[in-house]
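What follows is one structure encoded as structure tokens, with my remarks underneath.
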Amino acid sequence: MKRLQDRVAIITGGAGGIGAATARRMADEGALVVVADINLERAQSVANDLNGRGSAVQFDAGNTDSIKAMVEFAVAQYGRLDILHNNAALTSPEVIHKDTTAVDIPFATWNAVMNVNVKGYMAACKYAVPVMLKSGGGSIINTASGSGFVGDLTRIAYGTSKGAIIALTKYVATQHGRQGVRCNAIAPGLILTEASKNTVPELLEMISNHVLTPRLGRPEDIAALAAFLASDESGFINGETIRANGGSLEHQTHMHELDEFMRNALKAN
Ligand SMILES: NC(=O)c1ccc[n+]([C@@H]2O[C@H](COP(=O)([O-])OP(=O)(O)OC[C@H]3O[C@@H](n4cnc5c(N)ncnc54)[C@H](O)[C@@H]3O)[C@@H](O)[C@H]2O)c1
């Protein structure tokens with residue numbers, strides 16, 4: 001018997017790098033997966049690759065009616081809902097470009113990011129929890145980010161939205177945990193999706209210098225953690241945010257410089 005055998009899962013942003021890897025992983029583990037995304041064509045292509053265990057639905061995480069319809073689609077398709085992976089985010093270059101500092105960000109950009117990244121996650125919980133309770137509970141997994149823990153020189157709306165997701169996770173767990181609904185978050189560090197592989201090489205190198213593993217993260221790393229959090233094996237974990245970042249936020253800020261200093265000192269001797 002597989003770990004997620006016949007559990008019904010919705011994965012939002014399921015057409016993207018992390019979402020598609022999670023859809024594949026959960027289907028491999030026996031789940032029936034609804035690949036939900038604003039981009040139906042790509043969602044359909046991900047669902048088609050799940051050996052008959054997937055279906056695709058178009059939805060907009062910025063529109064609460066559409067989120068309600070997404071949950072209804074899953075129930076109509078498979079009769080229940082056990083797993084919700086809130087994972088969609090506004091990651092388009094136009095939004096990233098305008099999401100700057102408190103002084104410079106347009107209010108419209110702030111509102112758009114909060115609408116999709118925070119209200120979208122809350123609304124999916126709003127419609128999913130009552131359905132999960134009908135079959136005794138379920139597991140909600142929210143994709144946050146390392147940006148929710150630390151400040152950065154840009155992307156104030158994105159970082160703040162990810163901090164809000166960490167708080168939302170604790171509230172949903174607190175309010176519905178005793179009823180059998182677990183809610184946890186994953187905070188990835190840089191994950192090499194098709195999009196992030198195109199990041200400027202200098203930035204990738206800076207990030208690599210602060211990862212305590214020999215490699216950067218892959219979508220499959222996050223998918224494996226999401227499948228664990230969806231399964232009963234994580235049954236005593238609730239309200240938690242797990243950082244999956246190769247240790248990039250777990251060391252002294254001067255680690256890289258100290259490493260270089262020590263190498264140079266060794267060379268000099
Ligand atoms: N890749 C990373 O390095 C990284 C790091 C930390 C956190 N994350 C988080 O992981 C999650 C997935 O990111 P990814 O790297 O796979 O990005 P991605 O851009 O590949 O995927 C995001 C998906 O969300 C969909 N989407 C965007 N707006 C939507 C909307 N309004 N309604 C429905 N779907 C919408 C997109 O079409 C896309 O398929 C995001 O929440 C992101 O913030 C990613």
Side-chain angles (χ1 to χ4, degrees), residues 10-25 34-47 56-71 73 84-96 99 109 111-121 123-124 141-150 152 155 157-166 168-169 185-199 203-204 206-208 210-211 215-223 225-226 241-246 248-249:
I10 294 175
I11 300 174
T12 79
I18 290 173
T22 306
R24 286 191 287 272
R25 175 69 189 241
V34 173
V35 181
D37 204 283
I38 202 159
N39 186 326
L40 182 60
E41 202 182 318
R42 281 198 288 127
Q44 193 64 65
S45 144
V46 172
V57 65
Q58 183 173 34
F59 93 110
D60 178 358
N63 177 315
T64 53
D65 288 343
S66 144
I67 295 168
K68 185 167 183 273
M70 169 189 76
V71 172
F73 173 88
L84 167 67
H85 186 189
N86 270 322
N87 172 73
L90 269 192
T91 51
S92 68
E94 308 85 74
V95 173
I96 292 175
D99 181 3
T109 303
N111 289 343
V113 172
M114 293 300 158
N115 195 37
V116 169
N117 294 15
V118 184
K119 191 163 91 180
Y121 280 31
I141 302 131
N142 295 324
T143 308
S145 166
S147 310
F149 286 97
V150 291
D152 208 341
R155 298 191 78 186
Y158 178 80
T160 305
S161 77
K162 293 301 186 176
I165 288 168
I166 294 166
L168 173 77
T169 299
I186 299 174
L190 179 80
I191 301 299
L192 292 174
T193 58
E194 287 311 313
S196 57
K197 273 183 200 161
N198 296 327
T199 308
L203 184 60
L204 288 183
M206 280 179 228
I207 292 169
S208 299
H210 286 277
V211 169
R215 64 167 176 85
L216 287 172
R218 302 174 184 136
E220 290 73 22
D221 293 317
I222 305 305
L225 183 50
T241 296
I242 300 180
R243 306 210 278 212
N245 57 19
S248 54
L249 295 181

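Both ligands and their constituent atoms are indexed starting at 1 by order of listing.
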ask   = What's the shortest distance from atom 19 (O) of ligand 1 to any protein heavy atom, and which residue and atom give it?
value = T91 OG1, 2.7 Å

request  = Decide yes or no on side chain to side chain contact (heavy atoms under 4.5 Å, CB included) for F149 and I166, but give the supporting numbers first.
outcome  = CA-CA 9 Å; F149 286 97; I166 294 166; 3.7 Å; yes

ask   = How about S196 and T193: does a side-chain donor come under 3.5 Å of a side-chain acceptor?
value = yes

ask   = Any idea which part of F59 is under 4.0 Å from ligand 1, heavy-atom wise: side chain, backbone, both or neither?
value = both

message = With a 4.0 Å cut-off on heavy atoms, is E194 in contact with ligand 1?
response = no

message = Considering non-hydrogen atoms of the protein only, which is the closest contact for atom 15 (O) of ligand 1, and what is the distance?
response = T193 CG2, 3.6 Å

ask   = Of the protein's non-hydrogen atoms, which lies at the shortest distance from atom 2 (C) of ligand 1, and what is that distance?
value = I191 N, 3.6 Å

Donor-acceptor contact present, side-chain N86 to main-chain Y121, <3.5 Å = yes

inquiry  = Looking at N115 and G62, would you say the former's side chain and the latter's main chain have a donor-acceptor pair under 3.5 Å?
reply    = yes

query = What do the steps show when you test V113 against R155 for side chain to side chain contact (heavy atoms under 4.5 Å, CB included), and what is the final call?
reply = CA-CA 10 Å; V113 172; R155 298 191 78 186; over 6 Å; no

request  = Please could you name the atoms of ligand 1 that L190 approaches to less than 4.0 Å, counting only its heavy atoms?
outcome  = 3 (O)

Closest protein heavy atom (residue, atom, distance) for atom 28 (N) of ligand 1 = A89 O, 3.7 Å

message = Side chain or backbone, does A61 bring an N or O within less than 3.5 Å of an N or O on ligand 1?
response = yes

task = Report yes or no: does G146 have a heavy atom closer than 4.0 Å to ligand 1?
result = no

ask   = For ligand 1, is there an N or O atom under 3.5 Å from any N or O atom of N39?
value = no

query = Does ligand 1 have a heavy atom under 4.0 Å from the side chain of A36, from its backbone, from both, or from neither?
reply = neither

ask   = Near K162, which atoms of ligand 1 are under 4.0 Å from a heavy atom of that residue?
value = 40 (C), 41 (O), 42 (C), 43 (O)

inquiry  = Under 3.5 Å between any N/O of S145 and any N/O of ligand 1: does that happen in this structure?
reply    = no

key: G189 touching ligand 1 at heavy-atom level, < 4.0 angstrom   = yes

request  = Report, in ascending order of atom number, the atoms of ligand 1 lying under 4.0 Å from any heavy atom of A15.
outcome  = 39 (O)

request  = Looking only at distances, please establish whether an N/O atom of ligand 1 is found under 3.5 Å from an N/O atom of P188.
outcome  = no

message = If I apply the N/O under 3.5 Å rule, does G19 come out as touching ligand 1?
response = no

request  = For Y121, take its heavy atoms, then give the atoms of ligand 1 lying under 4.0 Å from any of them.
outcome  = 41 (O)

note = closest protein heavy atom to atom 9 (C) of ligand 1 is T143 CG2, 3.5 Å

task = Considering only non-hydrogen protein atoms, determine which one is nearest to atom 34 (N) of ligand 1 and report residue, atom name and distance to 0.1 Å.
result = I38 N, 3.3 Å

remark   = of all protein heavy atoms, closest to atom 38 (C) of ligand 1 is D37 OD2, 3.6 Å

inquiry  = Suppose we measure from atom 43 (O) of ligand 1 to each protein heavy atom; which comes out shortest, and what is that distance?
reply    = Y158 OH, 2.6 Å

inquiry  = Test your reading of the structure: does I18 have an N or O sitting under 3.5 Å from an N or O of ligand 1?
reply    = yes

message = Under 4.0 Å from a heavy atom of N87: which atoms of ligand 1 are those, numbered in the order shown and with their elements?
response = 10 (O), 11 (C), 12 (C), 40 (C), 41 (O)

key: Per-atom contacts of ligand 1 with A88, taking only distances under 4.0 Å to non-hydrogen atoms   = 24 (O), 34 (N), 35 (C), 41 (O)

